[in-house]
Amino acid sequence: MTISNASQDSLLSGLNDKQLEAVTLPHQSALILAGAGSGKTRVLTTRIAWLIQTGQVSPTGLLAVTFTNKAAKEMLTRLTAMLPINTRGMWVGTFHGLCNRLLRAHHREALLPATFQILDSADQLSAIKRLMKVMNVDDEKFPPKQVMGYINSCKEEGLRAQSVDAYDPHSQRMREIFEEYDKQCQREGVVDFAELLLRCYELLSRDTNIRQHYQERFKYILVDEFQDTNKLQYMWLKLFAGMSKEEPNNCIFAVGDDDQSIYSFRGARVGNMRDFEVDFKVQNIVKLEENYRSHSNILDAANAIISNNKNRLGKNLWTSAGAGEPVRVYQAYNDIDEASFIVDEVKILHNDGWALNDIALLYRSNAQSRVIEHALFSHNIPYRVYGGLRFFERAEIKHAMAYLRLINNPEDDIALLRVINFPTRGIGARSLEQLQESARAQDCSLWQAAINKVGNGRPGKGLEGFVALIKQMQDDAKGLTLTEMTEIATTISGLKNFYKLEKEGEDRIANLDELINAAVSFMNNNSDALEDNSNGLTEFLTHASLEAGEHQADVGADALQLMTVHAAKGLEFKAVFISGLEEGLCPHENSLYENNGLEEERRLMYVAVTRARQRLYLSHAQSRMLHGQIRYGIASRFLDEIPDALLKRLNSKQAPKPSMSSNYDNSYQSASAARSSEQKSAMPWKIGQAVSHAKFGQGVVVSYEGNASDMRIQINFGREGLKWLAMEYAKLEKA
DNA sequence: GCACCCCAACTTTTT
DNA sequence: GTTGGGGTGC
């Protein structure tokens, strides 16, 4: 060891016993069960710093994998703060980023062109639609989105078309599309996200030399958010680790939290944690349970909720911070009342000096934000919604990027199709079909086909113009910097002029200008990493696909934070509102039909609760507008799972507020009043009335039908679902 | 080629 | 209620 004990001490000082144990584990595979707010990122980065500082590994001898670019960046930032090292050349990144890097380095062995492009989801979908047209597939029977999901989940299981089971005609056709899709991608030199991983995995399994090279290089492999890995990612990690006797047996330091696994819908397998324990003979799991974020009332609530899950590795968060405030529960009359409650509370907090940035409003589904946004807007409370379109996903940016892609490689059919007639230049569906037809006949790219048409004369004015435009752009681009090329792509293409003429095109033009800025800063940040002869274009295109950019600009201003619970994972706020805690929304009704769906919903609730540092509000509404209809829900079972002693109920009575927003009130009344006027006398229960049933428990009256002698009543029993009961026999009581 | 209309969907999402 | 995609008509 070349480093003095003193500086080692400073690196390790302030860690608790468990954190210290994790950071200084000997050379062996380890599973760190890191609870919410337990200092997970700190442990991970300190582990890396410690390994380097004690001379056990050089910065280039380790591999650190994350899921998001944000997490990777954060890790590098913290690392440079701890150690005076140059992080360039270190393999710290996302699964996709690292696979991309490896495939670029070995593109020949991976059978890819050096300039292979990465399809984002939108590109992939349009590629599939295009293929399905060629193959004459009925998109009623095979919705392109489903086909895409099928292809991606196959790849995420590590499967190619040849190895997929298909016993019925439908799945056989599906498999056929999968196979043709892969051929099309190969022809066009493009890879989708899942392909990046699968291609990389296959390359390493096939090519012993390359595999050995990396296995010898990466003695230490560190994985963040291990509970979110899918099957292929786990297989990929095993390859790097080297599992067989002859292989080096590198060790994996896996950090994760099974209780925060909320991404099974996109292929994540919590089970990888248990498999890892067995496969890598993990001796003991290090549990980080001391929480540095929340007061204990909040943690106790979270612990109580999650303890209802059966399949857990087991963990209980604790804090030395004291009980803190009770968890506040508000029962709202309807969604609008819920929103106005939140607005009132936020105002109070803000007046008391809380920064809006420190307050988050969480919901299960994006649709719920509308009502709240409306309330915030009319009360002039600044807010920021996370989610939605990101920079490189905006239409105008994708158009400009398509021109750049064509400069880079005109055979890029996807890019060509996107802009061949945008801005419009008289190439309609007819001429496009002809072009695609002749490309198919000649078995070449659309660009080649277009060139041939122009060469043969009578290509049509539009097509001739397009070919000339791209050729001119390519000519102009020679010797230009990336920034200048980007300018060309937005101007010569006619994009800017097009948006200038549009009524509401200012934002789009501003975005196009922002794209030029993005190119400038990309070059500033990466110029020394680029090869000497590279103008950075391929790298910039990759950057755009792999890092779609921040969701929204002006992050600086103080604003209330609105986001889904999923988007809140990994974040923390001084005060958190969790809204819409009703059966059907949270847990979401769809989840109840899924395997272990309820447990995942409960983990979602757990994630939501553990975001709060100091104050936590839970709210539910007796009725809310959903899909254009009023729905009556009962309180989420997750609320019942919190011990009463931790709660403070702000209004347990369901009396409607007199100050209700009038238009909603009317629409609410008209819905129920319309029916009750028909059969008022026969109806003993009002719609929205909470009732209890001997067998089904608590419920809410949703609707009814029939006449006085034969009336049926529909009740939402939450966990038991919607039930029709005959009035005559059902023994209902007011709840 | 484009504007307009209708109908269906509608949980969560990173790369 | 809203949005987006697809189809139709000028």
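Here is the naming used below: chain letters follow the sequence lines, and residue numbers restart at 1 for every chain. These numbers come from a predicted model, not from an experiment.
A distance of about 16 Å separates the P atoms of C:dG4 and B:dT13, rounded to the whole Å. Annotation: C:dT3 and B:dT14 have their C1' atoms spaced 23 Å apart (nearest Å).
Residue A:Thr424 places at least one side-chain N or O under 4.0 Å from the OP1 or OP2 atom of B:dC2. Phosphate proximity of C:dG6 to A:Lys129: present, with a side-chain N or O under 4.0 Å from OP1 or OP2. Between A:Ser365 and B:dC10, a side-chain N or O to OP1/OP2 separation shorter than 4.0 Å is absent. For A:Arg390 and B:dT15, the shortest distance from a side-chain N or O to OP1 or OP2 is below 4.0 Å. For B:dT11, the OP1/OP2 oxygens have no side-chain nitrogen or oxygen of A:Asn366 closer than 4.0 Å. Distances shorter than 4.0 Å separate none of the side-chain N or O atoms of A:Asn590 from OP1 or OP2 on B:dT12.
In this structure, the nucleotide among B:dT11, B:dT14, B:dT15 sitting nearest to the side chain of A:Arg266 is B:dT14.
Residue A:Asp192 is out of contact with every strand shown, counting any heavy-atom pair closer than 4.0 Å. No contact: A:Asp120 has no heavy atom under 4.0 Å from any strand. Among the protein residues, A:Ser121 comes within range of the nucleic acid bases, having at least one heavy atom under 4.0 Å from a base atom. A:Phe265 comes within 4.0 angstrom of a base, heavy atoms only. Among the protein residues, A:Ala194 comes within range of no part of the nucleic acid, since none of its heavy atoms lies under 4.0 Å from any strand. Using a 4.0 Å heavy-atom cutoff across all strands shown, A:Tyr263 reaches sugar-phosphate atoms only and no base atom.
With A:Tyr403 as the aromatic partner, A:Arg418 does not meet the cation-pi criteria of under 6.0 angstrom to the ring centre and within 45 degrees of the ring axis.
For A:His399 and A:Phe498, the ring centers sit 6.0 Å or farther from each other. Between A:Trp91 and A:Tyr214, the distance from one ring center to the other falls under 6.0 angstrom. Taking the centre of each ring, A:His543 and A:Phe522 come in below the 6.0 Å mark.
By the stacking rule of 5.5 Å between ring centres and under 30° between planes, A:His566 does not stack on the base of B:dT12.
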